[in-house]
Amino acid sequence: MNVRELLDFMHVAEKLKCNTRHSWTSDGRRESVAEHTCRLCMFAWLVKDEFPELDIGRVIQLCLFHDLGEAVTGDIPCFEKKDSHRKAEAEGIRQAAAMLPEEYEEELLLMFKELEENVTPEAKLVHALDKMEAVIQHNEAPISTWLPLEYELQLTYGQEQAKEFPYLQELRKAVDEDTRRKILGTGYF
């Protein structure tokens with residue numbers, strides 16, 4: 001890859017550090033998209049033994065690039081995201097991929113196609129882990145950062161995706177216990 005193409009792409013990817021998510025960290029600051037992506041990749045690596053039939057290298061690759069479009073659009077919370085946001089994100093991905101040499105561009109676009117179609121077990125695992133990481137992060141954040149609608153969302157977000165994998169169903173139960181314990185002190189239940 002020529003150095004200018006590399007640097008130009010790295011400048012776009014740097015925006016993942018700058019763009020914050022709706023989520024907050026345990027110390028009360030906004031989480032960056034890059035921080036979410038980094039921990040999602042760690043999450044995938046940590047559960048690799050639970051999915052010996054899957055290509056975990058591929059899962060980690062998909063995790064690494066899954067939110068690249070947010071370098072262009074920023075993060076839109078799931079409860080606010082509309083088709084227009086999804087289209088803008090897809091266009092951002094195409095623009096970023098077009099900066100790369102053809103073989104890299106094709107590979108990157110194939111990853112996004114795989115994620116969008118969500119039919120491979122690897123893509124399904126990425127979607128399930130992505131949602132669960134967000135729920136775990138919310139549980140770690142001060143409850144004062146939660147919106148009222150998130151009390152219910154914490155218990156429903158990503159449940160459908162977790163059903164695909166027995167291990168994630170078990171993990172989700174533990175995460176839900178943490179959510180209920182966190183909410184208990186608020187009088188919500």
Side-chain angles (χ1 to χ4, degrees), residues 12-47 59-60 62-90 92-93 96 112 115-116 118 123-165 167-189:
V12 171
E14 189 265 347
K15 297 302 178 206
L16 295 171
K17 294 180 184 182
C18 301
N19 291 343
T20 56
R21 290 171 50 84
H22 171 71
S23 301
W24 295 76
T25 63
S26 60
D27 67 355
R29 68 170 175 77
R30 291 269 183 175
E31 172 192 40
S32 75
V33 177
E35 290 169 316
H36 161 69
T37 298
C38 178
R39 192 160 87 153
L40 180 59
C41 290
M42 288 180 195
F43 192 5
W45 184 80
L46 288 167
V47 299
V59 170
I60 292 171
L62 294 171
C63 288
L64 186 60
F65 287 101
H66 83 287
D67 274 343
L68 180 62
E70 293 183 13
V72 177
T73 65
D75 175 63
I76 310 292
C78 66
F79 49 85
E80 293 178 3
K81 197 171 262 190
K82 297 178 176 34
D83 283 339
S84 60
H85 297 121
R86 288 181 193 84
K87 288 176 185 174
E89 198 171 306
I93 291 164
F112 284 106
L115 286 167
E116 189 175 305
N118 199 30
K124 289 179 180 187
L125 181 60
V126 170
H127 287 292
L129 294 176
D130 180 37
K131 288 173 177 25
M132 196 171 312
E133 195 283 332
V135 172
I136 293 167
Q137 184 62 54
H138 264 64
N139 282 345
E140 293 167 338
I143 200 149
S144 62
T145 64
W146 290 24
L147 298 174
L149 65 85
E150 290 175 309
Y151 287 76
E152 184 66 30
L153 187 60
Q154 276 295 100
L155 296 168
T156 59
Y157 188 62
Q159 287 285 7
E160 208 49 47
Q161 291 78 7
K163 286 181 184 176
E164 292 276 335
F165 305 97
Y167 177 76
L168 293 187
Q169 290 176 29
E170 179 185 345
L171 178 58
R172 185 57 200 239
K173 286 178 187 172
V175 171
D176 286 350
E177 286 174 23
D178 291 348
T179 298
R180 284 186 174 85
R181 215 177 0 265
K182 186 164 190 98
I183 293 172
L184 196 58
T186 68
Y188 181 78
F189 287 121

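Position 1 is the first residue of the sequence, and the numbers go up from there. Because the structure is predicted, anything quoted here is derived from the model rather than measured.
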Just checking, any donor-acceptor pair under 3.5 angstrom between side chains of Asp130 and His66? yes
I'd like to know if the side chain of Lys131 reaches the main chain of Glu160, judged simply by a donor and an acceptor atom lying under 3.5 Å from each other, with no hydrogens or angles considered. no
Distance check, rounded to the nearest 0.5 Å: Glu35 atom CD versus Arg39 atom CZ? 10.0 Å
Between CD on residue Glu177 and CZ on residue Arg172, distance to nearest 0.5 Å: 12.0 Å
Looking at Asp83 and Arg86, is there a salt bridge between them, counting it only when a charged N and a carboxylate O are closer than 4.0 Å? yes
Does Glu70 reach the main-chain N or O of Leu16 with its side chain, forming a donor-acceptor pair under 3.5 Å? no
Taking atom CZ of Phe65 and atom SG of Cys41, what is their separation to the nearest 0.5 Å? 9.5 Å
Can you label the angle between the Tyr151 ring and the Trp146 ring as parallel, tilted or perpendicular, going by 30° and 60°? perpendicular
In sequence, state the C-alpha distance, the side-chain angles, and the governing distance for Gln161 and Leu129, and then conclude on side-chain contact (heavy atoms from CB on, under 4.5 Å). CA-CA 8 Å; Gln161 291 78 7; Leu129 294 176; over 6 Å; no
Looking only at non-hydrogen atoms, find the nearest pair between Cys63 and Leu40 and report the distance. SG-CG, 3.7 Å
Between Asn139 and Asp178, is there a donor-acceptor pair closer than 3.5 Å when you use the side chain of the first and the backbone of the second? no
State, with a plain yes or no, whether a side-chain heavy atom of Glu31 is found less than 4.5 Å away from one of Thr20. no
Could you go through Asp75 and Asn19, starting from their C-alpha distance and side-chain angles, then the distance that decides it, and tell me whether this counts as side-chain contact (heavy atoms from CB on, under 4.5 Å)? CA-CA 7 Å; Asp75 175 63; Asn19 291 343; over 6 Å; no
What's the separation between atom CG in Leu68 and atom NZ in Lys15, rounded to the nearest 0.5 Å? 13.5 Å
Check whether any side-chain heavy atom of Cys78 sits under 4.5 Å from a side-chain heavy atom of Leu153, and report yes or no. yes
Check side chain to side chain contact (heavy atoms under 4.5 Å, CB included) between Asp27 and all other residues, then give those that pass, not counting sequence neighbours. Thr25, Arg29
List in chain and number order the residues that pass side chain to side chain contact (heavy atoms under 4.5 Å, CB included) with Pro142, two or more places apart in sequence or in another chain; answer none if no residue qualifies. Ser144, Thr145
For Val33, does its backbone N or O pair with a side-chain atom of His36 as donor and acceptor, under 3.5 Å? no
Output, in order, the C-alpha distance, side-chain angles, deciding distance and verdict of side-chain contact (heavy atoms from CB on, under 4.5 Å) for Ile93 and Val72. CA-CA 8 Å; Ile93 291 164; Val72 177; over 6 Å; no
If the threshold is 4.0 Å, N to carboxylate O, is there a salt bridge linking Glu89 and Lys81? yes
Going through the checks in order, is the side-chain contact (heavy atoms from CB on, under 4.5 Å) test met by His138 and Tyr157? CA-CA 11 Å; His138 264 64; Tyr157 188 62; over 6 Å; no
Taking the side chain from Arg30 and the backbone from His22, do they hold a donor-acceptor pair closer than 3.5 Å? yes
To the closest 0.5 Å, what do you measure between CD1 (Ile60) and CE (Met42)? 10.5 Å
Taking salt bridge (Lys or Arg N to Asp or Glu O under 4.0 Å) as the definition, give me every residue that meets it alongside Lys17, ordered by chain and number, with sequence neighbours left out. none
Spatial distance of atom CG (Leu171) from atom CE (Met132) [nearest 0.5 Å]: 4.5 Å
Exam field: side chain Gln169 to backbone Lys163, donor-acceptor pair closer than 3.5 Å: yes
Between Gln154 and Asp176, does the side-chain hydrogen bond (donor to acceptor under 3.5 Å, both in side chains) criterion hold? Intermediate values first, please. CA-CA 8 Å; Gln154 276 295 100; Asp176 286 350; over 6 Å; no
